[in-house]
Q: 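Structure provided below as structure tokens; questions to follow.
In what follows, every chain begins at residue 1, and chains take the letters A, B, ... in the order their sequences are listed.
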Number of protein chains: 2
Amino acid sequence: MNEQQVGALRFHIDFSQPLYEQILDQVRSSIAKGEIGLGEKMPSVRELAQELRMNPNTVMRAYMELERDGLTEKRRGQGTFVTSSAERVKTFRTDLAARYIESFMAQMESLGMTWEDIEDYVRRRSRAEEGGPTS
Amino acid sequence: MNEQQVGALRFHIDFSQPLYEQILDQVRSSIAKGEIGLGEKMPSVRELAQELRMNPNTVMRAYMELERDGLTEKRRGQGTFVTSSAERVKTFRTDLAARYIESFMAQMESLGMTWEDIEDYVRRRSRAEEGGPTS
DNA sequence: TAAGTGTATTATATCACTTAGTACACTTAA
DNA sequence: TTAAGTGTACTAAGTGATATAATACACTTA
């Protein structure tokens with residue numbers, strides 16, 4: 001629902017977050033998971049803006065961040081391309097994951113939850129999903 | 001650093017988030033961890049606003065949310081009090097933790113990280129903290 | 001009665017986000 | 001050379017969330 005395919009990229013945009021952040025997160029995800037390959041061409045700023053019915057400036061803001069992440073490279077007159085460095089993608093993925101984990105652990109600690117509590121929850125969670133949604 | 005004690009409550013306010021959200025999160029945390037006891041009196045809207053050097057309206061917005069959470073009760077002319085129901089606090093704590101976990105798991109899945117990856121990271125993390133910060 | 005509560009209202013200011021429109025430099029292909 | 005498609009830069013404007021300011025009212029307690 002509300003899914004949208006643009007080239008090798010999939011998007012589902014809503015109003016829960018800034019638009020440029022959603023583009024950013026979802027392209028990061030596609031690159032991290034290899035859904036769009038190394039060196040592959042991204043949609044142009046204008047094309048993606050048209051497909052997602054947004055302003056090109058909004059898309060460009062996301063693209064600027066992607067380049068700062070080292071996940072994309074821009075070539076004037078040609079377009080934006082996923083980096084060719086598998087190493088760079090791997091590093092980015094593990095670094096971002098680490099940041100997510102640290103932030104999450106701080107949240108849980110603020111509720112007085114221990115790592116054991118979390119493990120218990122996840123165990124019960126996966127047990128409840130047996131034969132559950134086939135995603 | 002930037003810590004502030006107001007009655008039984010501790011605050012550390014910065015500019016990374018809306019002020020009312022920081023109050024909300026930190027009071028929730030204090031109640032969930034029992035740092036402020038069941039039925040205990042909270043600082044008044046005006047007092048907390050003065051201590052934190054904010055507008056009373058900003059504090060009131062946080063207090064409204066706390067009551068919607070069922071964590072506090074307001075008594076006209078008397079003040080705001082932590083709920084007397086341990087059950088309510090417990091339910092809130094586990095529900096919020098569940099929401100944090102689900103959101104976190106979705107984040108990690110978007111990076112193609114599995115539960116095993118997370119366990120590995122946390123194990124290495126706690127090993128690295130041996131004899132580390134005594135909090 | 002006075003002081004301290006929560007509550008409500010109106011006005012104002014600032015900032016992040018988004019859109020709109022325009023323009024320029026560069027690359028590629030006709 | 002030309003045209004079309006790239007990324008980039010800039011100005012202008014609108015919207016909504018956030019925060020402050022000032023004031024007022026109803027209620028409770030001492």
Side-chain angles (χ1 to χ4, degrees), chain A residues 2 4 6-9 11-27 36 39-84, chain B residues 2 4 6-9 11-27 36 39-84:
Chain A
N2 244 3
Q4 199 164 172
V6 183
L9 301 174
F11 294 93
H12 44 281
I13 305 295
D14 54 38
F15 295 96
S16 64
Q17 278 180 330
L19 301 179
Y20 81 93
E21 273 191 20
Q22 298 186 51
I23 297 176
L24 185 57
D25 288 340
Q26 290 167 33
V27 173
I36 182 170
E40 202 168 329
K41 187 177 185 306
M42 301 261 297
S44 78
V45 170
R46 287 176 179 83
E47 182 196 353
L48 186 53
Q50 190 174 21
E51 291 282 349
L52 300 182
R53 273 175 279 181
M54 300 179 188
N55 193 281
N57 292 328
T58 304
V59 174
M60 208 186 62
R61 181 159 179 188
Y63 273 29
M64 279 173 46
E65 283 291 319
L66 287 169
E67 190 169 36
R68 291 210 306 171
D69 289 341
L71 292 179
T72 62
E73 293 162 5
K74 291 165 178 173
R75 304 180 201 150
R76 285 203 145 209
Q78 301 185 41
T80 300
F81 298 80
V82 177
T83 179
S84 298
Chain B
N2 242 1
Q4 199 163 172
V6 184
L9 300 174
F11 295 94
H12 42 284
I13 305 294
D14 54 37
F15 295 95
S16 64
Q17 277 180 330
L19 302 178
Y20 80 93
E21 272 190 22
Q22 298 186 51
I23 298 176
L24 185 57
D25 288 341
Q26 291 168 32
V27 173
I36 181 169
E40 202 167 330
K41 186 174 184 311
M42 302 261 297
S44 77
V45 170
R46 285 177 181 83
E47 182 196 354
L48 187 53
Q50 191 174 18
E51 292 282 349
L52 300 182
R53 274 174 278 181
M54 302 180 187
N55 192 280
N57 293 328
T58 303
V59 174
M60 207 186 61
R61 181 161 179 187
Y63 274 29
M64 276 174 48
E65 284 291 320
L66 288 169
E67 190 168 37
R68 290 209 308 170
D69 289 342
L71 292 179
T72 62
E73 294 164 5
K74 292 166 179 172
R75 303 178 203 154
R76 285 204 147 206
Q78 301 187 41
T80 301
F81 298 81
V82 177
T83 180
S84 298

Q: Rounded to the nearest 0.5 Å, how far apart are CD1 of B:Ile36 and CZ of B:Phe81?
A: 10.5 Å

Q: What nucleotide among C:dG6, D:dT6, D:dT8 has an atom nearest to a side-chain atom of B:Arg46?
A: C:dG6

Q: Grab the CG-P distance between B:Leu24 and D:dA19 for me, whole Å please.
A: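 Nearest whole value for this atom pair: 12 Å.
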
Q: Kindly compute the distance separating CG (A:Asn55) from CG (A:Leu19), expressed to the nearest 0.5 Å.
A: 10.5 Å

Q: Is D:dT29 paired to anything, Watson-Crick or G-U wobble with both distances less than 3.5 Å, and if yes, which nucleotide?
A: C:dA2

Q: Does A:Ser44 place a side-chain N or O at less than 4.0 Å from the phosphate oxygens OP1/OP2 of D:dT6?
A: yes

Q: If you check the A:Val45 side chain, which of D:dG7, C:dC17, D:dT18 turns out closest?
A: D:dG7

Q: In whole angstrom, what separates B:Met60's CE from D:dA21's P?
A: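 In whole Å, D:dA21 P lies 16 Å from B:Met60 CE.
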
Q: Would you mind pulling out the nucleotide paired to C:dA29, Watson-Crick or G-U wobble, both distances under 3.5 Å?
A: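 The base-pairing partner of C:dA29, which may sit in any strand shown, is D:dT2.
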
Q: Below the 4.0 Å mark, does D:dA19 have OP1 or OP2 next to a side-chain nitrogen or oxygen of B:Tyr20?
A: no

Q: What's the closest nucleotide to the A:Leu19 side chain, out of C:dG6, C:dT18, C:dG21?
A: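 For A:Leu19, the side-chain atoms sit closest to C:dT18.
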
Q: If you check the B:Lys74 side chain, which of C:dG6, D:dT8, D:dC10 turns out closest?
A: C:dG6

Q: Look at the side-chain N and O atoms of A:Thr58 and state whether any lies under 4.0 Å from the OP1 or OP2 oxygen of C:dT19.
A: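 Yes.
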
Q: Among A:Thr80, A:Thr72, A:Val82, A:Ile23, exactly one meets side-chain contact (heavy atoms from CB on, under 4.5 Å) together with A:Leu66. Which residue is that?
A: A:Thr72

Q: So if I take every side-chain heavy atom of B:Arg61 and compare against D:dT18, D:dT20, C:dT5, which nucleotide ends up nearest?
A: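 Among D:dT18, D:dT20, C:dT5, the one nearest the side chain of B:Arg61 is D:dT18.
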
Q: Set out, line by line, the N/O atom pairs under 3.5 Å between protein and nucleotides 28-30 of chain C.
A:
| unit_1 | atom_1 | unit_2 | atom_2 | d |
| --- | --- | --- | --- | --- |
| C:dT28 | OP1 | A:Gln78 | NE2 | 3.4 |

Q: Could you tell me the separation between the CD atom of A:Glu73 and the C1' atom of D:dG7, rounded to a whole number of Å?
A: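 Distance check: A:Glu73 CD to D:dG7 C1' gives 14 Å.
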
Q: Let me know the distance between CZ of B:Phe81 and P of C:dG4, rounded to the nearest Å.
A: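 That distance rounds to 16 Å.
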
Q: Is there a donor-acceptor pair under 3.5 Å between the side chain of A:Asp69 and the backbone N or O of A:Leu71?
A: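 Checked: no pair found.
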
Q: Of the nucleotides C:dC17, C:dG6, D:dT18, which one has an atom closest to the side chain of A:Pro18?
A: C:dC17

Q: Would you say a side-chain N or O of B:Thr80 is under 4.0 Å from OP1 or OP2 of C:dT5?
A: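 For B:Thr80, the contact criterion (side-chain N or O under 4.0 Å from OP1 or OP2 of C:dT5) is not met.
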
Q: So which nucleotide from D:dC10, D:dA19, C:dG6 ends up closest to the side chain of A:Asn57?
A: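 The answer is D:dC10.
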
Q: Let me know the distance between CD1 of A:Ile23 and P of C:dT19, rounded to the nearest Å.
A: 9 Å

Q: Return the CD to NE2 distance between B:Gln26 and B:His12, rounded to the nearest 0.5 Å.
A: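 Separation between the atoms: 4.5 Å.
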
Q: Looking at CE of A:Met42 and CG of A:Leu9, how far apart are the two atoms once the value is rounded to the nearest 0.5 Å?
A: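 If I round to the nearest 0.5 Å, the distance is 5.5 Å.
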
Q: How many Å lie between OH on A:Tyr63 and P on C:dT18, as a whole number?
A: 16 Å

Q: Hey, what do you get for CE (A:Met60) to CZ (A:Arg46), rounding to the nearest 0.5 Å?
A: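 If I round to the nearest 0.5 Å, the distance is 10.0 Å.
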
Q: Where the side chain of B:Asn55 is concerned, which of D:dA19, C:dG21, D:dA21 is the nearest nucleotide?
A: D:dA21

Q: Measure from the side chain of A:Arg76, starting at C-beta and using heavy atoms only, and say which of D:dC27, C:dA25, D:dA19 lies closest.
A: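 Given the options D:dC27, C:dA25, D:dA19, the side chain of A:Arg76 is closest to C:dA25.
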
Q: For A:Gln50 and C:dT18, what is the distance between atoms CD and C1' respectively, to the nearest whole Å?
A: 18 Å

Q: Can you tell me how far OG of B:Ser44 sits from CD of B:Gln78, rounded to the nearest 0.5 angstrom?
A: 13.5 Å

Q: Return the value, rounded to whole Å, for the distance between atom CZ of A:Phe15 and atom P of D:dT15.
A: 16 Å

